[in-house]
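Presented below is the structure to which this report refers.
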Amino acid sequence: FAPGRPAPPPPGPPGPPLLRAELTHLLHSSESIVARVDRFDVALSAVEPALRTDIAGEALHFYDPLRHWLWTRWMWDPELGTGALPLVTMQEFELRGRTAGQTYLKVGEAIAFVNETGRAVGFTRYGSEGFGIDVYLACVYGVYLYTITRMRMTQEFNKVIPPLPELARRLLGTHRMEV
């Protein structure tokens, strides 16, 4: 789901054999999650950093959503310092790690915090399912996106942004899936 659109594989390295090997290691190794994400990040250094972390975060989460959390750039982009997580955790968490693996771990801690906060105030529906927090954060990011673009962009540009349900489906990579 990371690119949100079909794209040909990148030319030259890392190539399908390397990607296959690194995804297999990422998903099945007994190493710590930090070590696995860091190895994936280094091995695919020819790929844009944001895309590397999107692929790793989505592969882990969609392979085993009960053990691994989602991390995509709309949730937390360490380069820009933006995303849905800083909007709902405020100053509670430092989301930047020294490596991609450490950042993935910090994102997981922030997601667990948001989940527990939701349970504490009675929003148990989104916290009780493996993908509920993903939908919640996609909606948070959608509202943020609407707010920013409506303040800074023309009406014509604002009409290009889809309604919130479709925007959330696009962020989650499910907008063209059959129901």
Side-chain angles (χ1 to χ4, degrees), residues 1-5 7 10 14 22 26 32-62 65 68-118 120-121 123 126-127 131-154 157-158 160-175:
F1 298 134
R5 64 192 181 288
E22 291 307 320
L26 178 70
S32 73
I33 192 66
V34 172
R36 289 185 286 159
V37 171
D38 283 342
R39 173 181 160 154
F40 186 87
D41 190 58
V42 169
L44 298 175
S45 61
V47 176
E48 172 191 347
L51 188 55
R52 284 194 311 260
T53 56
D54 280 357
I55 292 169
E58 289 181 356
L60 285 164
H61 181 60
F62 293 120
H68 303 291
W69 47 94
L70 182 62
W71 174 28
T72 64
R73 66 190 102 173
W74 59 263
M75 293 176 82
W76 169 242
D77 185 333
E79 283 187 38
L80 300 176
T82 61
L85 279 172
L87 297 171
V88 294
T89 58
M90 303 301 189
Q91 303 299 323
E92 305 289 324
F93 286 90
E94 172 55 52
L95 295 169
R96 281 185 176 90
R98 285 182 282 128
T99 67
Q102 290 172 349
T103 301
Y104 182 74
L105 191 59
K106 288 176 180 255
V107 165
E109 291 168 355
I111 288 172
F113 170 78
V114 172
N115 233 345
E116 288 305 313
T117 302
V121 295
F123 295 132
Y126 81 76
F131 300 108
I133 192 72
D134 304 345
V135 174
Y136 170 73
L137 290 171
C139 290
V140 166
Y141 189 74
V143 170
Y144 166 75
L145 182 64
Y146 287 140
T147 303
I148 295 302
T149 56
R150 292 213 183 336
M151 289 185 334
R152 298 182 180 182
M153 301 294 182
T154 66
F157 182 81
N158 286 319
V160 174
I161 300 174
L164 186 58
E166 183 182 343
L167 178 60
R169 285 191 295 271
R170 286 177 179 270
L171 290 170
L172 294 168
T174 61
H175 69 287

Notebook entry, point to check: Can you list the residues that meet the side chain to side chain donor-acceptor pair (under 3.5 Å) rule with Ser32, with sequence neighbours excluded?
Noted result: none

Notebook entry, point to check: Considering residues at least two apart in sequence or located in another chain, which fulfil the side-chain contact (heavy atoms from CB on, under 4.5 Å) criterion with Val42?
Noted result: none

Check: Can you name the residues that form a side chain to side chain donor-acceptor pair (under 3.5 Å) with Arg36, not counting sequence neighbours?
Finding: none

Next item on the list: Report the C-alpha separation of Trp69 and Leu105 in whole Å, then their side-chain angles, then the decisive distance to 0.1 Å, and conclude whether the side-chain contact (heavy atoms from CB on, under 4.5 Å) test is met.
Entry: CA-CA 9 Å; Trp69 47 94; Leu105 191 59; 4.3 Å; yes

Margin query: Looking at Tyr136 and Asn115, would you say the former's side chain and the latter's main chain have a donor-acceptor pair under 3.5 Å?
Written below: no

Checklist line | Minimal non-hydrogen separation, Ile111 against Leu70, with atom names | finding: CD1-O, 3.3 Å

Next item on the list: Please collect all side chain to side chain donor-acceptor pair (under 3.5 Å) contacts where either partner lies in residues 43-53, sequence neighbours excluded, each pair once.
Entry: Asp41-Arg52

Next item on the list: Using the test ring pair (Phe, Tyr, Trp, His ring centres under 6.0 Å), find all partners of Trp74 that sit at least two apart in sequence or belong to another chain.
Entry: none

Next item on the list: Go through Phe40 and Ile55 one step at a time and tell me if the side-chain contact (heavy atoms from CB on, under 4.5 Å) criterion holds.
Entry: CA-CA 10 Å; Phe40 186 87; Ile55 292 169; 3.7 Å; yes

Check: For Thr72 and Asp54, which heavy atoms make the closest approach, and how far apart are they?
Finding: CA-OD1, 3.1 Å

Note to self: Would you compute the distance between atom CE of Met75 and atom OG1 of Thr82 and round it to the nearest 0.5 angstrom?
What the structure shows: 13.0 Å

Next item on the list: To the nearest 0.5 angstrom, please state how far the NE2 atom of His61 sits from the CD1 atom of Ile133.
Entry: 10.0 Å

Check: Is any side-chain heavy atom of Leu87 closer than 4.5 Å to a side-chain heavy atom of Val143?
Finding: no

Next item on the list: Identify the heavy atoms of Leu26 and Ala59 that sit nearest to each other, and give their distance.
Entry: CD2-CB, 4.4 Å

Next item on the list: Please answer whether the main-chain N or O of Trp71 pairs with a side-chain N or O of Trp76 as donor and acceptor at a distance below 3.5 Å.
Entry: no

Check: What are the two closest non-hydrogen atoms of Leu95 and Ala110, and how far apart are they?
Finding: CD2-CB, 3.6 Å

Next item on the list: Check the pair Leu85 / Phe93 against side-chain contact (heavy atoms from CB on, under 4.5 Å), numbers first and verdict last.
Entry: CA-CA 9 Å; Leu85 279 172; Phe93 286 90; over 6 Å; no

Margin query: Per the side chain to side chain donor-acceptor pair (under 3.5 Å) rule, what does the pair list look like for residues 94-105, sequence neighbours excluded?
Written below: Asp38-Thr99

